[in-house]
2 protein chains.
Amino acid sequence: MTVSRVLRNRGDVSQATRERVLEASKKLGYVPNKIAGALASQRVNLVAVIIPSMSNMVFPEVMTGISEVLENSPLQPVVGITHYRPEQEERVLYEMLSWRPSGVIIAGLEHSEASRAMLENAGIPIVEIMDTDGEPIDSMVGISHRRAGIEMAKEIAKAGYKRIAFLGTKMPLDHRARKRFEGLTDALAKEGIEIADHEFYSGGSGLLKGRELTEMVLKRSPDVDFLYYSNDMIAAGGLLYCLDNGIDVPGQVGLAGFNGIELLDGLNPRLATMDACRREIGNKAAEIIAKCTEDGADHSGQRIELSPRLDVGDTLKR
Amino acid sequence: MTVSRVLRNRGDVSQATRERVLEASKKLGYVPNKIAGALASQRVNLVAVIIPSMSNMVFPEVMTGISEVLENSPLQPVVGITHYRPEQEERVLYEMLSWRPSGVIIAGLEHSEASRAMLENAGIPIVEIMDTDGEPIDSMVGISHRRAGIEMAKEIAKAGYKRIAFLGTKMPLDHRARKRFEGLTDALAKEGIEIADHEFYSGGSGLLKGRELTEMVLKRSPDVDFLYYSNDMIAAGGLLYCLDNGIDVPGQVGLAGFNGIELLDGLNPRLATMDACRREIGNKAAEIIAKCTEDGADHSGQRIELSPRLDVGDTLKR
DNA sequence: TTGAAAGCGCTAACAG
DNA sequence: CTGTTAGCGCTTTCAA
């Protein structure tokens with residue numbers, strides 16, 4: 001009835017009735033039922049955001065980026081966590097899609113067959129984020145992790161390091177770390193360098209984990225002269241380990257992380273790292289969805305590749 | 001019809017038809033419409049989680065705690081971010097409530113009048129988390145930040161520090177930091193000690209911010225012998241600053257943070273801190289909501305106060 | 001400018 | 001065990 005028109009401020013309501021309605025609804029503490037609204041209008045102002053984890057600092061920042069732009073729109077993000085498990089991704093996706101969101105932002109390009117099918121048939125804008133090494137279902141925005149690995153390899157080789165070790169998360173889980181590893185390996189191979197050692201771990205990433213991994217590798221392969229970590233937090237742990245043990249950084253051993261975590265900016269020496277453009281990825285992804293719902297036009301199939309900035313810091317010789 | 005029964009595995013369906021339905025729905029890629037379902041059943045398996053921020057490590061951990069228990073239930077968390085702004089909280093809350101969630105978990109005990117009213121009239125279980133210094137609307141689970149401040153003050157006084165400075169977030173925003181500050185101040189007063197200096201900041205907390213604040217305070221008040229920070233990240237920055245500048249910790253200056261962030265476990269020396277029980281708070285809060293929706297019984301009005309564990313680490317004399 | 005009526009796609013209660 | 005029917009609280013369309 002008229003009430004509905006007032007509350008959604010659709011025109012064609014006289015000032016008098018409008019005020020009457022507003023007053024009454026305030027007095028009754030009326031909160032509209034979006035469920036009924038959504039059902040009737042076939043429109044839901046929700047965007048599903050599906051990410052692997054919330055506890056490693058990178059996804060909270062992506063979320064911040066998404067929220068930033070969605071706050072200037074009627075859209076609201078709803079997050080689902082997959083814990084890097086494809087079955088979980090499938091479940092969460094199914095759950096989310098059954099709410100008929102206006103769009104979905106999902107991390108990664110690798111999905112189970114069922115997940116792909118759901119995404120393809122959802123009939124809403126899909127943005128796959130973080131990674132651009134592969135074919136998106138619809139749009140994608142991210143960086144090339146392969147290229148990130150390659151660039152880092154070039155920098156390491158240029159600095160003259162020869163015995164390089166990789167320390168990172170267990171591979172089957174984290175496709176992006178894997179791609180960086182592959183990029184690194186391939187690019188080093190071109191320089192005639194083979195990975196001297198590697199160590200994979202599972203579980204949370206903290207300074208302590210970084211220390212442990214570093215100690216393990218350095219004890220096992222004392223001749224290693226460069227440590228490439230899959231994230232900044234364990235790299236920072238490694239750095240602290242080296243400092244504590246009188247290892248000259250970057251002279252004796254060079255170090256690099258990944259992500260460009262702002263939190264760690266105050267480290268001394270400054271860690272070599274590569275900014276993964278997390279917030280920007282969130283911004284762009286949200287913008288794509290927002291545009292689609294605003295004008296209803298087709299903004300699908302966008303491919304936005306951002307360029308991670310390499311920061312050599314003080315832990316990589318020049 | 002029967003399809004609905006199969007998909008919700010309500011009994012009373014023969015094996016034969018059940019399989020037929022399942023097969024058909026899979027082939028058609030059928031995803032049920034929860035909106036319609038929710039409207040019809042007057043039940044929505046969503047729990048609204050309203051928190052101030054996602055970028056400071058504490059709330060992601062609370063979220064993890066919440067997800068952990070909700071994963072074993074039909075419930076799904078939906079997060080809203082307030083950026084520590086009451087108006088934003090009001091907006092987000094209104095938005096969330098209009099989806100008629102099964103419960104709400106909201107950070108803090110301080111809310112605008114409008115927010116309180118909404119919460120009180122929502123007719124669903126409300127759990128206010130993080131803080132127990134005050135009166136909850138319904139249930140609450142958290143720690144007493146006031147007491148945390150008091151305990152830290154006692155420890156500091158016991159260690160013989162006399163010139164204590166507080167470094168933390170700007171007050172009007174963060175009630176919990178304020179309560180710790182007040183607890184600290186009051187307890188120190190009892191020992192005849194007055195806060196020697198304080199410095200408030202706004203914006204993100206990182207190592208760099210910790211360094212800057214610490215430098216500022218130490219230059220301004222060179223006689224300060226203890227620095228109490230409102231979070232571990234800036235405390236860690238302060239610690240690095242002291243180490244870099246040849247300040248003896250904890251001899252010349254003692255340091256303590258707050259939160260007990262696992263990420264920082266590998267710091268050397270180990271930071272004195274207090275575990276804020278973030279994950280456990282998430283667990284308990286989610287459990288309350290889950291119980292309510294499971295048995296429909298009244299589990300309201302619970303008050304769960306957890307005890308933060310003090311860890312003196314190596315940056316507080318003993 | 002306002003009111004009335006017809007669904008949106010499901011669930012719940014009941015009848016077969 | 002299975003089919004039918006009547007809403008859930010809105011939006012939309014159409015008539016007044």
Side-chain angles (χ1 to χ4, degrees), chain A residues 1-46 48 74-76 78 93-102 118 121-124 293-294 296, chain B residues 1-46 48 73-76 78 94-103 118 121-124 293-296:
Chain A
M1 50 153 121
T2 318
V3 176
S4 169
R5 279 189 270 257
V6 174
L7 264 33
R8 290 178 297 145
N9 33 158
R10 290 299 197 70
D12 294 4
V13 185
S14 73
Q15 196 53 29
T17 24
R18 149 171 266 103
E19 274 167 24
R20 241 164 13 99
V21 171
L22 249 29
E23 190 191 354
S25 89
K26 177 148 272 178
K27 198 160 62 194
L28 297 173
Y30 173 75
V31 177
N33 187 330
K34 288 225 177 192
I35 303 172
L39 183 60
S41 66
Q42 304 291 326
R43 257 183 280 107
V44 181
N45 288 330
L46 255 28
L75 265 24
Q76 243 220 308
V78 185
L93 190 56
Y94 184 82
E95 202 76 9
M96 294 267 177
L97 287 181
S98 68
W99 285 103
R100 303 288 187 271
S102 297
M118 282 191 267
N121 300 322
I124 51 176
T293 58
E294 254 169 45
Chain B
M1 50 153 122
T2 318
V3 177
S4 169
R5 279 188 271 256
V6 174
L7 265 32
R8 289 178 298 145
N9 12 211
R10 290 298 198 73
D12 294 3
V13 186
S14 74
Q15 197 54 26
T17 22
R18 150 171 264 107
E19 274 166 22
R20 241 163 14 97
V21 171
L22 250 29
E23 190 191 353
S25 89
K26 177 149 272 179
K27 198 160 60 195
L28 297 173
Y30 173 76
V31 177
N33 186 331
K34 288 223 179 195
I35 303 171
L39 183 59
S41 67
Q42 303 290 326
R43 255 183 282 106
V44 181
N45 288 329
L46 255 28
S73 83
L75 266 26
Q76 244 220 308
V78 184
Y94 183 83
E95 200 75 10
M96 293 267 178
L97 286 181
S98 68
W99 285 103
R100 302 288 187 272
S102 297
M118 282 191 266
N121 299 323
I124 51 176
T293 59
E294 255 169 45
D295 55 19

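Predicted, not measured: the structure shown is a model, and the values here were computed from it. Quick note on labels: first sequence line is chain A, next is B, and so on, each numbered from 1.
OP1 or OP2 of dC10(D) has not a single side-chain nitrogen or oxygen of Ser4(A) nearer than 4.0 Å. A sub-4.0 Å separation between OP1 or OP2 of dG9(D) and a side-chain N or O of Tyr30(A) is absent.
Under the salt bridge (charged side-chain N to carboxylate O under 4.0 Å, His left out) criterion, no residue pair touches residues 37-46 of chain B, with sequence neighbours excluded. Every pair passing side chain to side chain donor-acceptor pair (under 3.5 Å) that includes a residue from residues 24-36 of chain A is listed here, sequence neighbours excluded: Lys34(A)-Glu95(B).
Counting all heavy atoms, side chain and backbone alike, Trp99(B) lies closest to Leu46(A) at CZ2-CD2, 3.9 Å. Residue Leu75(A) comes nearest to Ser102(A) through the heavy atom pair CD1-OG, 4.3 Å, listed as atom of the first residue, atom of the second, then distance.
Note: CZ (Arg100(A)) to P (dC10(D)) measures 21 Å, nearest angstrom. Distance, Arg20(B) CZ to dC1(D) C1': 13 Å, rounded to whole Å. Atoms CZ (Arg5(A)) and P (dG9(D)) sit 20 Å apart, rounded to a whole Å. The interatomic distance linking Arg18(B) (CZ) with dT2(D) (C1') rounds to 13 Å, in whole Å.
By the side chain to side chain contact (heavy atoms under 4.5 Å, CB included) test, Gln15(B) is found to be paired with Arg18(B), Glu19(B), residues two or more places apart in sequence or in another chain being considered. For Val31(B), the side chain to side chain contact (heavy atoms under 4.5 Å, CB included) partners two or more places apart in sequence, or in a different chain, are Tyr94(A), Leu97(A), Ser98(A), Arg100(A).
With rounding to the nearest 0.5 Å, the separation of OG1 in Thr293(B) from CD1 in Ile124(B) is 11.0 Å. Put simply, CZ on Arg20(B) and OG1 on Thr17(B) are 6.5 Å apart, with the number rounded to the nearest 0.5 Å.
At its two ends the helix from dT1(C)-dA16(D) to dG16(C)-dC1(D) runs along axes set 40° apart, each axis drawn from five pairs and the angle rounded to 10°.
Listed by residue number, the members of residues 32-42 of chain B with any heavy atom below 4.0 angstrom from DNA chain C are Pro32(B), Asn33(B), Ala36(B), Gly37(B), Ala40(B), Ser41(B).
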